[in-house]
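Quick notes on the structure that follows.
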There are 2 protein chains.
Amino acid sequence: MDAARSHRTPSGDVANEILRAAAALLGEHGPEALTIRRIASVAGVAPMSVYNHFGDKGGVVEALFRSGFTALHDAMEAANAIADPFVALRASGRAYRQFALDRPAVYKVMFSHVIPEFTPSSDALMDTVSSFSTLVTILERCQEASIIVGGDANVLAQHLWSMIHGYVALGHAGISKIEAAEDDFEQFLDRTLLGFAVRPTS
Amino acid sequence: MDAARSHRTPSGDVANEILRAAAALLGEHGPEALTIRRIASVAGVAPMSVYNHFGDKGGVVEALFRSGFTALHDAMEAANAIADPFVALRASGRAYRQFALDRPAVYKVMFSHVIPEFTPSSDALMDTVSSFSTLVTILERCQEASIIVGGDANVLAQHLWSMIHGYVALGHAGISKIEAAEDDFEQFLDRTLLGFAVRPTS
DNA sequence: CAGTGTAGTAGAACGGTGTTCTAGTATATG
DNA sequence: CATATACTAGAACACCGTTCTACTACACTG
């Protein structure tokens with residue numbers, strides 16, 4: 001057997017190995033590390049396999065983008081599963097931020113365009129809707145419980161999302177001007193909810 | 001005279017021509033357009049001149065970054081010059097957003113890390129402080145006028161900045177889930193200020 | 001004004017990138 | 001078992017950031 005061809009990844013594993021390698025590279029070394037050759041090398045496959053499975057580099061990035069939104073949706077759904085609407089609302093804010101803290105690199109791919117040549121497909125953009133819908137649902141639950149009075153839940157969700165995203169994003173950009181207190185995010189959350197004229201149940 | 005060397009930019013103009021070209025390319029074609037050869041071509045200079053004047057590509061990007069913060073600071077100072085503190089506060093929010101709308105590409109370089117290989121120097125990061133300080137000043141004026149009661153002006157500024165940035169950034173990312181109403185930003189501003197327990201003077 | 005130093009220019013080269021293509025070979029499938 | 005499919009290696013190309021060399025046009029000084 002030719003030693004130069006001693007390794008060959010089983011067909012069923014190739015795509016997953018590529019994605020696993022890409023996610024690891026992105027998380028550990030940032031977006032610049034996402035080169036075809038490096039992904040292939042870490043995945044232990046031939047560079048051409050990336051094209052065979054994902055079409056081009058953008059296909060890999062899109063898969064990461066979409067998996068990020070899937071995970072974010074799951075986190076929001078877990079918050080929504082909490083019985084008390086107010087607690088669910090706060091939990092959604094925390095879950096959102098926690099996601100961004102746990103996976104900053106993916107978060108930036110999802111929201112901050114850190115891979116400038118990547119443009120999500122319309123299919124991928126559909127994926128972004130699900131986490132948003134969950135937030136709308138949570139806000140509707142708060143409205144039904146009279147925790148929040150009035151307003152279009154979609155508008156409320158967009159505003160709330162903006163606020164939390166802003167907090168997270170500035171933190172990521174290293175443009176915090178002050179040393180954040182231990183409970184700064186909770187204070188921030190208090191302030192945002194105050195802006196929704198929220199009346200807590202507890 | 002050798003026709004191939006018929007053009008030579010006067011020494012005093014080279015850096016400015018490079019910066020002008022870079023800003024135009026960034027604004028019109030996005031961060032991927034910022035290549036040394038393309039900048040040089042648009043500027044009408046030799047690629048080596050970019051290195052002579054800016055050290056490397058990052059030097060060009062840093063100059064754009066810093067000029068962005070200078071302009072943002074100017075916009076915030078104009079808002080701060082308004083006599084009524086509450087009006088000044090609202091105006092600062094509008095000015096911030098208007099800046100981002102007018103110059104989205106520069107804004108993204110400043111806040112969204114859209115050029116992944118670029119890391120601002122510590123000098124450049126000092127530039128980011130001035131606009132923030134102006135916002136702190138505006139909030140302190142509101143406190144002095146009892147429009148806002150209590151709280152550390154620095155923390156308030158960080159939170160407010162986060163909120164407005166979030167609104168702007170999600171808009172840039174094209175992740176708005178809803179059709180924004182004509183006055184959506186004003187409503188958003190109302191909501192953020194409500195979160196600061198703001199009592200308007202007018 | 002002439003001479004010298006400086007800076008702008010053109011071009012080449014190198015390692016790296018994304019992508020496309022070709023040909024060989026090991027699995028996967030029927 | 002035979003054939004089709006998919007994985008692999010390698011080459012090539014245009015483009016990128018960067019570095020280097022040599023030439024030439026200004027800019028400055030005496």
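Numbers restart at 1 for each chain; the letters A, B, ... are given by sequence-line order, proteins then strands.
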Using 30° and 60° as the class limits, which term best fits the ring planes of A:Y167 and A:F188: parallel, tilted or perpendicular?
tilted
Taken to the nearest whole Å, NE2/A:H53 to C1'/D:dC7 is 8 Å
From CD of B:E32 over to P of D:dG17, roughly how many Å is that when rounded to an integer?
12 Å
Under 4.0 Å, counting only non-hydrogen atoms across every strand here, what does B:N52 touch: a base, just sugar-phosphate, or nothing?
base
Does B:L34 reach a base, just sugar-phosphate, or nothing at all? Heavy atoms under 4.0 Å.
sugar-phosphate
Among D:dT8, D:dC7, C:dA7, the one nearest any side-chain atom of B:S11 is C:dA7
Compute whether any side-chain donor of one residue and acceptor of the other, for A:Q158 and A:N154, lie under 3.5 angstrom apart.
no
A:T9 side-chain N/O to D:dT8 phosphate OP1/OP2 under 4.0 Å
yes
Would you say A:T35 reaches C:dT17's phosphate, i.e. side-chain N/O to OP1/OP2 under 4.0 Å?
yes
Under 4.0 Å between a side-chain nitrogen and a carboxylate oxygen: does that hold for A:D84 and A:R141?
no
Find the distance B:M48:CE to D:dG17:P and express it as a whole number of Å.
14 Å
Could a donor-acceptor pair under 3.5 angstrom be found where the side chain of B:R8 meets the base of C:dA10?
no
Could you state the atom-to-atom distance from OH of A:Y51 to P of C:dT17 in whole Å?
11 Å
Whole angstrom value for the distance that separates C1' of D:dC16 from NZ of A:K57:
12 Å
Could a donor-acceptor pair under 3.5 angstrom be found where the side chain of A:R37 meets the base of C:dT19?
yes
Between P of C:dG18 and CD1 of A:I18, the distance in whole Å:
14 Å
Atom CZ of B:R38 and atom P of D:dC15 are separated, to the nearest Å, by 12 Å
Does B:E117 use its side chain to pair, donor to acceptor, with the backbone of A:E32 at less than 3.5 Å?
no
Among C:dT20, D:dG17, D:dT8, the one nearest A:A46 by side-chain distance
D:dT8
Between A:Y96 and A:Y107, what is the ring plane arrangement, given parallel below 30°, perpendicular above 60°, and tilted in between?
perpendicular
Within the pair A:H7 and D:dC7, is there a side-chain N or O less than 4.0 Å away from OP1 or OP2?
no
To the nearest angstrom, how far is B:L25 atom CG from D:dC16 atom P?
11 Å
